[in-house]
2 protein chains.
Amino acid sequence: MATPEPARPGFQLPLLLLAGFRTLIDDLHAELAREGHPELRPLHGFVLQAVGADGTTATELGQRLGISKQAAGKTVDRLVAVGYLERVDDPSDARRRLVRVTPRGADGLRRSAEIFDRLRAQWTDTLGPERVTALEDDLRTMASANWFRLDVPGWFGG
Amino acid sequence: MATPEPARPGFQLPLLLLAGFRTLIDDLHAELAREGHPELRPLHGFVLQAVGADGTTATELGQRLGISKQAAGKTVDRLVAVGYLERVDDPSDARRRLVRVTPRGADGLRRSAEIFDRLRAQWTDTLGPERVTALEDDLRTMASANWFRLDVPGWFGG
DNA sequence: CGGAATAGTAAACGTGGTTGACGAACGTGG
DNA sequence: CCACGTTCGTCAACCACGTTTACTATTCCG
């Protein structure tokens, strides 16, 4: 047992996927902080994206993100506190409280999209466009994506 | 503003990387639970891997994982509670408490490696071996991996 | 109109992190 | 040889993000 375990090939794939994701997210938020959005946390971009331009409710947001309505509500609370979301009463249903993106939230969302585009351009500059699209195609094939709805209205701007 | 935003290409890359990672991790833990390790949580495999065969201390574990020694200590507590790690006194330094993988922990680690190998084989069956190695190579190129030390002794069994 | 379904909130809890403080043990220089 | 500085572990308080259970208020519908 003094000899180290041999390297297992399967271990590297998840680590590399995670490292790639973390690299993109870390770069994104470093740049977002530089552009005036230091409070934006990694999850917030997904949430803002899931709220969408038309607004939504906490319950529907939870369904879109694959989390409970309570968790969605608490996340909305935090984003309201930092000024990226707002809650308004729904005049047509007194039970509902519409969640909407504020102008500041829309600015953060727009900048996030631009930064992600630039980061992807860095990947295509280094690897070549074909390699990046091949990588995306392969991940689309293998990632069952049953843990959240990629095709939900609001994701990727529809 | 009634028209939806056009789809931004940069948004998809991080989502796909995350989806790929989550798919692997979810499949791993579903299989681990089937094989007698339902308590093993996604992070635990990384921690067991980082402890390594020779054991380590909470402080060094924190450095390997890029987290504080307090966080590493609490994670070790949880893994001790479920029987995957043990703490023993260091006879050569009364301040230190060595953290070691128990036989049960070693079993979970071995099964994780085998399951990851099988999952990677599924990827090569679907995409072809060249595509998977190309994907890994490209991620190695782009993932700066400055958020944790991939080359630390203990990671990937050396 | 009354019961079922739905939206939101509240409370308690678990997990995984942080920072600050502190005692005990180590090691080294005067 | 001993006092001081460093290191290891832990405690406490806190935050982010998620869960389940329980509850109220409102709306929908037979």
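Reminder, nothing fancy here: chain letters follow the sequence lines and each chain counts from 1.
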| query | Which comes earlier along DNA chain D counting from the 5' end, the contact point of B:R96 or that of A:S92, where each point is its nearest nucleotide? | reply | B:R96

| task | Side-chain contact test, heavy atoms from C-beta onward, threshold under 4.5 Å: evaluate it for A:I115 versus A:E35 and give yes or no. | result | yes

| query | Does the pair A:R97/A:D89 count as a salt bridge with the N-to-O cut at 4.0 Å? | reply | yes

| request: Kindly compute the distance separating OG (A:S112) from NE2 (A:H37), expressed to the nearest 0.5 Å. | output: 7.5 Å

| note | Outer limits of DNA chain C sitting under 4.0 Å from a non-hydrogen atom of chain B, read 5' to 3', are C:dT15 to C:dC26

| message | I'd like to check the side-chain hydrogen bond (donor to acceptor under 3.5 Å, both in side chains) partners of B:E39; sequence neighbours left out, ordered by chain and number. | response | B:Y84, B:R104

| At under 4.0 Å between heavy atoms, what does B:R41 touch on the DNA or RNA strands: base, sugar-phosphate, or nothing? | sugar-phosphate

| field | Base paired to C:dG30 (Watson-Crick or G-U; both N/O distances under 3.5 angstrom) | value | D:dC1

| field | Close side-chain approach of A:L15 and B:F46, heavy atoms under 4.5 Å | value | yes

| message | What's A:T59 touching, base or sugar-phosphate or nothing? Going by heavy atoms closer than 4.0 Å. | response | sugar-phosphate

| Distance only, no hydrogens: is a donor on one side chain within 3.5 Å (strictly under) of an acceptor on the other, for B:Q12 and A:R120? | no

| query | Could you give the start and end, 5' to 3', of the contact zone on DNA chain D for chain B, using atoms under 4.0 Å from its heavy atoms? | reply | D:dT7 to D:dA13

| Name the one of B:V88, B:V47, B:V51 that satisfies side chain to side chain contact (heavy atoms under 4.5 Å, CB included) with B:V99? | B:V51

| Between A:K74 and A:D77, is there a salt bridge with N-O shorter than 4.0 Å? | no

| message | Just to be sure I understand the rule, does B:A71 reach a base, reach only the sugar-phosphate, or reach nothing, if contact means heavy atoms closer than 4.0 Å? | response | base

